[in-house]
Q: 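Quick one: the structure is below, and I'll ask about it shortly.
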Amino acid sequence: MPVTKKWHRYLRLWGPDPTADVRDEFDFHLAMRVDELVAHGLSPAAAREEAMRGFGDIDRVKHTCTSLLEAREHMMRRSEWWRGWWQDIRYGLRQLTAYPLSSAMLIGTLGLSIGATVSIFSVVNAVLIEPLPYADGDRIVIVWETARGLGSASAGHFHDWTEQGTIFEATAAVQPATYNLADDGEPERVSGARVTGGYFRVAEIPPAVGRYLSAEEVEAGEAVVVLSHELWQRRFNGDTAIVGRPLRLSGEPHTVVGVAPAAYALNDSSGGAGEGGFSAQLWTPLRFSPGQRSNYGNHSFRVLAKLRPGVPVAAAQAEMERVTRDIAVRAPENMQGRGVFVQPLRERLVGGAQAQILVLFVSVALVLVIGCVNIASLLLARATTRRREIAIRAALGGGTARIVRQLLMENMVLAISGGALAIGVAVLGTRFMATAGPASVPRLRNAGLQIEVLVFALGLTFLTGIIFGLLPALRAGRPDLLETLRSEGRGRLARSGRDWTRAVLIVGEIAITVVLLVSAGLFVRSAMKLQHVPLGIDAENVLTARVALPAPRYQDASVVASAFGRMLEHLRGVRSIEHAGASTTIPLGGGSIDAGLTVEGRTVEAGSRLPYGHVRLVTAGYLEGIGVTLRRGRLLRESDMTAGGPRVLVINELLASQLWPGEDPLGKRLSGWTEGEQPEWREVVGVVGDIWAFGLSAPPEPELFIPYTQAPAGSWNSFQRSMVLVARVPPAGGDAADYSSALRNAVWSVDKTLPLYDVRTMEDRLSASLSARRFLMLLLSGLAATGVLLAAVGIYGVIAYFVTERTAEIGLRLALGATSGSVITMVLRHSAWLAAAGLAVGLVMALAATQVLGSQLFEIQPNDLSTYVLGTLTLLGITLTASALPAMRAARIDPARTLGGN
Amino acid sequence: MNPELLHGTLEVLILKTLSWGPMHGYGVGRWIEQLSGDELRIEEGSLYPALYRLEHKGWIDAEWGLSENRRRAKFYRLTAEGRRQLRHATGTWSTFAHAVGRVLSTKQQPI
């Protein structure tokens with residue numbers, strides 16, 4: 001065995017010494033030569049001389065040989081080193097397959113806990129946490145006029161804020177506008193925004209092509225336009241020669257000066273043109289005439305501003321309040337109960353998300369903790385099972401270092417497999433959620449895997465793995481071999497500290513799972529409640545579509561009204577449509593306009609706030625179309641729609657209770673939404689139920705429904721000559737969406753060039769407004785479900801180990817006549833004890849933790865009893881299931897084998 | 001004897017010598033001398049580097065042992081690979097020697 005013998009050399013104290021080797025060899029040679037020469041008759045001295053001469057320059061020869069020897073030793077050491085590592089890797093892989101279930105659970109735990117948490121975190125990060133894409137996005141604020149809530153500002157306000165404010169670097173006013181885009185292709189309805197010159201300095205990203213609107217252009221009111229990236233790609237195929245091209249917007253020629261980059265669109269979920277014009281498809285100049293600049297009454301502009309660097313929002317708020325107070329002094333009639341509020345754009349977009357983010361962080365942390373506990377527990381079980389094997393190895397002189405290295409390798413193999421799985425799950429999961437999630441969730445499509453979180457999660461679990469994986473190896477340094485073997489033989493379970501550790505770990509894991517279960521339950525039920533809140537309308541089987549009449553051809557109010565009237569006439573001719581009508585604003589349709597109201601017979605005290613209501617110009621059939629409930633009186637009829645006829649209107653319950661509390665509003669008169677200063681009294685002929693027009697999380701507002709023919713002439717400008725057609729079909733009439741061609745035909749019967757847009761069923765609108773919130777809840781529930789799954793694995797592991805440890809004892813019992821039933825009971829009792837302890841701790845923790853969730857939930861109390869009961873039952877069920885398999889395995893233990901085997 | 005001629009062939013000679021059995025470095029040198037009928041005298045300065053090179057190539061193995069007179073010495077032994085190399089080199093040398101012999105002993109002038 002040459003290999004073994006050579007290793008004797010390696011057993012030298014300080015390892016092989018090539019120099020000494022060479023010296024020794026040459027010394028031997030010299031000695032032999034001298035002997036030979038002396039035997040031939042030379043003197044010892046002469047012999048020595050002669051012998052040396054044979055070597056020539058002996059030092060050089062020694063040097064050559066030493067180098068050769070050293071090179072060889074080096075090579076051998078290296079190959080031994082590699083062989084050692086390779087052996088350990090193969091050993092690690094063998095161990096993997098030697099304990100397949102345990103290995104699978106470890107790898108699965110790693111993969112699932114890290115993968116799920118990282119991918120969900122990445123998605124929520126993109127939606128809620130990422131900074132805005134604009135330069136210095138944190139400095140962008142929205143300046144609202146307040147009137148019991150946040151509202152648009154007037155041109156006068158904008159002007160004064162801009163002129164008299166010193167803390168803004170730039171300001172901009174935005175007004176949504178829709179256009180008929182016509183050039184070489186098919187006419188298309190696009191939602192755009194008219195913006196003042198400072199807009200692109202407030203929301204600043206370098207343009208993709210060309211440039212933005214300049215202040216001078218805007219001031220001069222030139223007919224220029226900037227396109228959005230999406231529009232540019234879709235309609236103009238990304239043609240870089242787009243700059244300078246003429247377009248017709250609603251009949252008026254405009255010249256393209258530039259294209260915004262793709263990152264510009266924020267896609268916030270408010271639908272329509274989007275607040276602040278960020279999801280506009282094109283931008284045109286907005287300029288105010290001198291008259292408009294002192295108009296404080298028409299509130300239809302969104303005002304954005306950019307704070308100077310270092311200026312806190314509070315300072316901006318204070319200054320704006322000062323300016324606004326000035327305005328109130330100069331124009332008191334417009335400023336009743338109105339104020340100003342400066343809000344950071346970030347907050348507006350993800351408002352109220354702080355709590356959601358907190359919930360996210362905590363959930364991710366909890367699931368990771370469960371994952372780590374699982375890993376620790378599984379590793380400890382593995383180690384204990386192999387206690388005997390490790391002890392024997394140590395006794396055979398394996399050396400602690402070698403054993404530690406082998407265990408390290410084994411854990412490395414597990415860790416790498418698990419880590420690879422985790423990365424795979426994380427990458428695929430993020431991609432899946434980003435693409436499959438609802439389109440209305442802002443910035444979802446941009447979600448990318450957060451590497452830092454992945455690295456953190458991997459690091460955390462690996463650390464756990466190393467600690468708990470090496471613990472047994474370090475103990476193996478001083479094993480009492482005899483004791484171990486003896487105790488293994490008798491199957492006596494040493495009540496070591498390790499078992500208490502495991503019990504504590506599992507109880508903790510169960511407790512955390514309870515918290516996750518309860519919060520997931522609360523979320524899910526909250527989401528379900530959101531589904532079923534009655535909007536106040538009957539959203540089923542209703543199709544809606546918006547039409548807008550271009551200004552040049554439809555200038556006169558009567559022309560507008562007549563056009564819409566004819567469209568509806570046509571619609572009503574369609575047999576299967578039950579009700580058809582139109583309104584300037586529909587629920588969840590965005591873009592509502594409100595007006596101050598005066599009540600007949602009441603004097604308005606100076607300085608008091610006017611009551612207000614949201615104005616809708618409607619045709620007959622609209623209220624029936626959306627299925628609102630009639631409370632009193634009647635709905636609007638065709639006969640009400642005559643221009644010169646008696647002025648009537650319908651109001652909702654909320655407005656009725658505000659204006660005439662406790663009285664019957666029918667017959668009473670109010671004035672609002674008037675052309676000039678004089679009141680125009682309208683009589684209330686009906687009261688309808690409240691509608692959640694602004695989404696399910698905002699309360700209903702007071703509304704008034706005015707016949708569209710009886711509106712002051714200027715109204716159509718404010719509403720942009722646009723109405724939404726509403727058609728209700730009977731349930732048996734098929735899918736409402738199939739009627740879009742009927743709507744289209746109705747429009748074309750009046751004017752073939754008018755496009756129909758935003759064709760959607762009411763149900764779609766409803767689910768779109770919900771979807772963002774529901775999506776987030778789904779994610780958080782998914783996180784909780786992952787935690788539960790991991791806990792189930794953990795429980796299984798603990799109980800299985802429990803059975804394995806007690807195999808001999810169980811065998812003994814069975815041999816002495818115990819029934820398998822009693823064995824199962826014993827196992828289940830152990831698991832029940834763990835579950836009960838975990839439940840107790842968990843329920844207390846859950847009660848405390850869910851207090852935080854209160855703001856996130858919809859009509860569910862954090863202490864909701866049924867959720868807790870459900871959570872408890874689920875946990876018990878999981879525990880039972882996870883324990884069932886090991887319990888049955890215990891019952892099937894063959895006493896003969898276990899007792900005789902040792 | 002010209003040491004240059006010997007250089008490459010020295011390794012072959014060592015291999016052949018060791019094919020008779022393991023021997024220490026001194027012994028290898030003496031055996032070659034004896035087998036060549038004392039025609040060849042191997043300088044130690046060439047012998048030992050050649051031995052070390054052969055060990056590096058893996059054609060021979062080295063291990064410490066006790067010599068005939070109870071001295072500690074490094075013994076060399078042919079490996080399987082070395083045996084293979086020896087067989088190959090022997091064949092090549094025969095062919096070479098034969099060819100050289102033919103040229104040297106030819107009576108005819110080349111065309």
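Letters go in sequence order (proteins before strands), and every chain restarts at 1.
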Q: With a cut-off of 6.0 Å (strictly less than), are more than 12 heavy atoms of other residues, nucleotides or ligands near CZ of A:Arg48?
A: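 Atom CZ in A:Arg48 is not packed in, count stays at 12 or less.
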Q: Please evaluate residues A:Val61 and B:Glu44 with respect to the criterion side chain to side chain contact (heavy atoms under 4.5 Å, CB included), reporting the C-alpha separation (whole Å), side-chain torsions for both, the decisive distance (0.1 Å), and the verdict.
A: CA-CA 9 Å; A:Val61 180; B:Glu44 288 81 347; over 6 Å; no
Q: Highest number of heavy-atom pairs under 4.5 Å with chain A: which of B:Gly29, B:Gly58, B:Gly45?
A: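 Top count of heavy-atom pairs under 4.5 Å with chain A: B:Gly45.
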Q: Are more than 12 heavy atoms, taken from residues, nucleotides or ligands other than B:Glu81, located less than 6.0 Å from that residue's CD atom?
A: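 Yes.
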Q: Among A:Val22, A:Asp57, A:Thr64, which residue forms the greatest number of heavy-atom pairs with chain B at distances under 4.5 Å?
A: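 So the answer, after comparing A:Val22, A:Asp57, A:Thr64, is A:Val22.
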Q: Going by the rule salt bridge (charged side-chain N to carboxylate O under 4.0 Å, His left out), which residues pair with A:Asp35 if we only count those two or more places apart in sequence or in a different chain?
A: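 Scan of A:Asp35 (salt bridge (charged side-chain N to carboxylate O under 4.0 Å, His left out), adjacent residues dropped) gives B:Arg71.
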Q: How many angstroms lie between NE2 in B:His56 and CD in A:Glu70, if you round to the nearest 0.5 Å?
A: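 Output value for this atom pair is 12.0 Å.
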Q: What residue, out of A:Ala71, A:Cys65, A:Ser67, has the most heavy-atom pairs lying under 4.5 Å from chain B?
A: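 Between A:Ala71, A:Cys65, A:Ser67, the count favours A:Cys65.
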Q: Any idea which heavy atoms bring B:Trp64 and A:Glu25 closest together, and the distance?
A: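 Answer, listing the atom of B:Trp64 first, then A:Glu25: CH2-N, 3.9 Å.
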Q: Using heavy-atom distances under 4.5 Å, tell me whether A:Arg33 contacts chain B through its side chain, its backbone, both, or neither.
A: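 Contact with chain B: backbone and side chain both.
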Q: Could you go through residues 20-28 of chain B and list every donor-acceptor pair under 3.5 Å that involves a side-chain atom there, pairing it with any protein atom two or more places apart or in another chain?
A:
| from | atom 1 | to | atom 2 | distance (Å) |
| --- | --- | --- | --- | --- |
| B:His24 | ND1 | B:Gly27 | N | 3.0 |
| B:His24 | NE2 | B:Glu68 | OE2 | 3.4 |
| B:Tyr26 | OH | A:Glu36 | OE1 | 2.2 |

Q: Examine whether an atom of B:Thr79 lies under 4.5 Å from a heavy atom of chain A, and if so say whether it belongs to the side chain, the backbone or both; otherwise answer neither.
A: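 Neither part; nothing is under 4.5 Å.
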Q: Please report the closest heavy-atom contact between A:Leu69 and B:Glu55, naming both atoms and the distance.
A: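 Smallest heavy-atom distance, with atoms named: CD1-OE1, 4.0 Å.
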Q: Any side-chain heavy-atom pair from B:Lys74 and A:Asp24 closer than 4.5 angstrom?
A: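 Not in contact.
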